[in-house]
Structures are given as C-alpha cells and as structure tokens.
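Structure record follows, encoded as structure tokens.
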Amino acid sequence: MKPTVIDHIGIAVRSIDEALKFWEEGLGIRCTAREEVAEQKVITAFLPVKDTEVELLEPTSDESPVAKFIEKKGEGIHHIAIRVDDLEAALAELKAKGVRLIDETPRYGAGGAKIAFVHPKSTGGILLELSERG
Ligand SMILES: C[C@@H](C(=O)O)C(=O)SCCNC(=O)CCNC(=O)[C@H](O)C(C)(C)COP(=O)(O)OP(=O)(O)OC[C@H]1O[C@@H](n2cnc3c(N)ncnc32)[C@H](O)[C@@H]1OP(=O)(O)O
Ligand SMILES: [Co+2]
C-alpha cells in the first residue's frame, strides 16, 4: 500500500451554505466543486488547500451517516481521507492484517473517486476513508 497524500478532511455540517460563510468569506478558501453523492446520502463541497481539500458534508436524509453523526456528536470533523494508488490492493492488505473494514470493495465518491471506509474501532477512533483517483 502506498499512501500518498491526505486527500481530504471531511467535516459534517448542517448547511453547506452556512458553513461557506466562514470558509469562503472568513478564510478566503474557495469552494471549487459541489456534488451530491446519493449513495452516501450527502451533498459535498470541496475547498482545495494546496494538495489537500476540505470536504464539507451536508446530509440529504435523516438516514445519512452524516446526519447520525451530527445528531450524536454535533457538527465537526467526520473523517480523514488518505489517497492510495491501488485501493483494491490496499483493502486486501488491510483485511489480511485483521483491520475492520466498513467497505470490503470500493464504492464511488465525489469526483468519481474510488473510496472505502475503515472502521474507527481499528484506527484509534477516527473514521478513515481511503481514496483512489484516476
Ligand atoms: C462522498 C464521500 C467522499 O469523500 O467522496 C464521503 O466522504 S461520504 C461520508 C459519509 N459516509 C460514511 O460515513 C460512510 C461510512 N460510515 C459508516 O458506515 C458509519 O457512519 C459508521 C462509521 C460505521 C458508524 O455507524 P453508526 O453511526 O451506525 O455506528 P455507531 O454510532 O454505533 O458508532 C460505532 C462507533 O464508532 C464511533 N463513530 C461513529 N462515527 C464516527 C466518526 N465519524 N468518527 C469517529 N468515530 C465514529 C462511535 O462513536 C461508536 O463508538 P463507541 O462504540 O466507542 O461509542
Ligand atoms: Co470523504
């Protein structure tokens, strides 16, 4: 497995429009892409900061993992995504090491990236996303 960069940091928000007031007007970090990812029941907004991006996540339903997170913990950092060059190989390697995977096979995330989540119980308490971009 070759982790290359922190791809993005996912932040759970109730409203992307509200959150952007701070990120864009306050910090001057521009949103360059907004996309609904229906499978994850979220709308995403991406704000690049050099090689990494901030990903704002707004739930589209009460069943969204992000809605459940906000209900339990409030708004805040939801996950960290690390980019790998071969997601299938990374998942096989982690599985062989006994790491608890949420997704054993890749799903599709924002921007067409292949993604898979690793359970917080195996990572020391953070939700980890692995991401492969073409
Ligand atoms: C669009 C895409 C992209 O980037 O392209 C995305 O990011 S989509 C981003 C949204 N999609 C996802 O998050 C999909 C993967 N997430 C999931 O499958 C779920 O949210 C789980 C992470 C499995 C949590 O599920 P659920 O809320 O049902 O379980 P739970 O509340 O019983 O939590 C089990 C334990 O994990 C902890 N836990 C739950 N969510 C956590 C989080 N985000 N960060 C750190 N710990 C977390 C809880 O505190 C609990 O610990 P204790 O037992 O110690 O109390
Ligand atoms: Co993400």
Side-chain angles (χ1 to χ4, degrees):
M1 178 168 21
K2 291 197 202 89
T4 51
V5 68
I6 304 280
D7 187 85
H8 63 265
I9 296 172
I11 300 178
V13 301
R14 289 195 175 84
S15 158
I16 284 174
D17 287 337
E18 277 301 311
L20 285 178
K21 289 180 189 165
F22 170 71
W23 289 95
E24 290 197 315
E25 293 163 32
L27 279 180
I29 301 174
R30 297 283 155 218
C31 171
T32 55
R34 222 192 255 234
E35 180 184 338
E36 178 166 1
V37 180
E39 192 182 25
Q40 300 287 345
K41 300 187 174 69
V42 292
I43 298 168
T44 63
F46 279 89
L47 294 83
V49 185
K50 204 167 181 223
D51 297 333
T52 296
E53 300 188 71
V54 170
E55 176 189 48
L56 303 177
L57 296 154
E58 177 184 315
T60 55
S61 126
D62 290 347
E63 300 305 307
S64 167
V66 172
K68 291 183 190 162
F69 178 88
I70 292 173
E71 192 183 307
K72 285 182 195 159
K73 304 189 189 202
E75 294 178 303
I77 293 183
H78 178 263
H79 65 268
I80 292 180
I82 292 178
R83 199 179 307 163
V84 294
D85 55 6
D86 182 342
L87 181 55
E88 271 100 342
L91 292 174
E93 192 178 325
L94 290 173
K95 192 176 178 189
K97 289 175 179 166
V99 171
R100 183 167 162 192
L101 303 176
I102 294 172
D103 302 303
E104 295 207 352
T105 53
R107 295 170 177 275
Y108 282 96
K114 283 204 241 174
I115 63 170
F117 286 89
V118 182
H119 200 279
K121 292 289 175 213
S122 275
T123 64
I126 60 138
L127 177 59
L128 177 65
E129 176 185 335
L130 299 175
S131 159
E132 177 190 328
R133 289 186 189 276

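Counting convention: from 1, in listed order, for ligands and their atoms alike. In this text the structure is predicted, and so the values were computed from the model without any measurement.
Distances from ligand 1 to the non-hydrogen atoms of Lys121 include at least one value under 4.0 Å. Distances shorter than 4.0 angstrom occur between a heavy atom of Gly125 and an atom of ligand 1.
Ion pairing between Glu104 and Lys95 holds under the 4.0 Å rule for side-chain N and carboxylate O.
Nearby protein atoms of type N, O or S around the Co ion (ligand 2) amount to 4 (distance under 2.8 Å).
The contact set between ligand 1 and Thr44, taken as ligand atoms under 4.0 Å from a residue heavy atom, comprises 1 (C). Which parts of ligand 1 touch Leu127 is read off a 4.0 Å heavy-atom cut-off, strictly below it: atoms 13 (O), 22 (C), 42 (C), 43 (N), 44 (N), 45 (C). The Gly109 neighbourhood of ligand 1 comprises atoms 5 (O), with distances under 4.0 Å to a heavy atom of that residue. When each atom of ligand 1 is checked for a heavy atom of Phe69 under 4.0 Å away, the hits are 42 (C), 43 (N). Every atom of ligand 1 with a heavy atom of Lys72 under 4.0 Å away is listed here by number and element: 27 (O), 30 (P), 31 (O). Under a 4.0 Å criterion applied to the non-hydrogen atoms of His8, ligand 1 contributes the atoms 4 (O).
Polar contact with ligand 1: present for Lys73 (N/O pair, distance under 3.5 Å). Residue Pro65 has no nitrogen or oxygen atom sitting less than 3.5 Å from a nitrogen or oxygen atom of ligand 1, judged on distance alone. Taking only nitrogen or oxygen atoms, main chain and side chain alike, Gln40 reaches within less than 3.5 Å of ligand 1.
Heavy atoms of Pro120 found under 4.0 angstrom from ligand 1 belong exclusively to the side chain. Residue contacts with ligand 1 for His78 involve both N, CA, C or O and side-chain atoms from C-beta outward (heavy atoms, distance under 4.0 Å). By the criterion of a heavy-atom distance under 4.0 Å, the side chain of Ile102, and not its backbone, is placed next to ligand 1.
Side-chain atoms of Ser131 never come within 3.5 Å of backbone atoms of Ile115 as a donor-acceptor pair (strictly under, hydrogens ignored). Of the possible donor and acceptor atoms, one in the side chain of Ser64 sits under 3.5 Å from a partner among the backbone N and O of Lys41. Counting only distance, with no hydrogens or angles, the side chain of Thr52 and the backbone of Ile6 share a donor-acceptor pair below 3.5 Å.
Here the CG atom belonging to Leu128 is positioned 9.0 Å from the CD1 atom belonging to Ile102, to the nearest 0.5 angstrom. Between Ile82 atom CD1 and Glu129 atom CD the span is 10.5 Å, to the nearest 0.5 Å. A distance of 11.0 Å separates CD1 in Ile9 from CD in Glu53, rounded to the nearest 0.5 Å. Atom CG of Leu20 and atom CG of Leu27 lie 11.0 Å apart (nearest 0.5 Å).
Remark: atom 24 (C) of ligand 1 lies closer than 4.0 Å to no protein heavy atom. In this structure, atom 33 (O) of ligand 1 is not in close contact with the protein, since no protein heavy atom lies within 4.0 Å of it. For atom 55 (O) of ligand 1, the nearest protein heavy atom is 4.0 Å or more away. Taking a distance limit of 4.0 Å, we find that atom 51 (O) of ligand 1 is approached by some protein heavy atom. In this structure, atom 13 (O) of ligand 1 is in close contact with the protein, since a protein heavy atom lies within 4.0 Å of it.
With hydrogens left out, the protein atom closest to atom 5 (O) of ligand 1 is Ala110 N, 2.9 Å, a heavy atom.
More than 12 heavy atoms of other shown residues, nucleotides or ligands fall within 6.0 angstrom of atom CD1 in Ile126.
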Dump the intermediate steps for side chain to side chain donor-acceptor pair (under 3.5 Å) on His78 and Glu55, then the final yes or no. CA-CA 10 Å; His78 178 263; Glu55 176 189 48; over 6 Å; no

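Closest approach of Ala110 and Thr44 over heavy atoms only: CB-OG1, 3.8 Å.
At a threshold of 4.5 Å between side-chain heavy atoms, the hydrophobic network of Ile, Leu, Val, Met, Phe, Trp and Tyr places Phe69 and Ile43 in two separate groups.
Residue pairs meeting the ring pair (Phe, Tyr, Trp, His ring centres under 6.0 Å) criterion with at least one member in residues 21-64, sequence neighbours excluded: His8-Phe46. Note on residues 81-94: pairs passing side chain to side chain donor-acceptor pair (under 3.5 Å), not counting sequence neighbours, are Asp7-Arg83, Glu88-Lys114, Glu93-Lys97.
For atom 4 (O) of ligand 1, the nearest non-hydrogen atom from the set Glu55, Arg107, Lys68 belongs to Glu55.
Lys2 is linked by a side chain to side chain donor-acceptor pair (under 3.5 Å) to nothing, counting only residues two or more places apart in sequence or in another chain.
Tested against Lys21, the residues Glu24, Glu18, Glu25 include a single salt bridge (charged side-chain N to carboxylate O under 4.0 Å, His left out) partner, Glu18.
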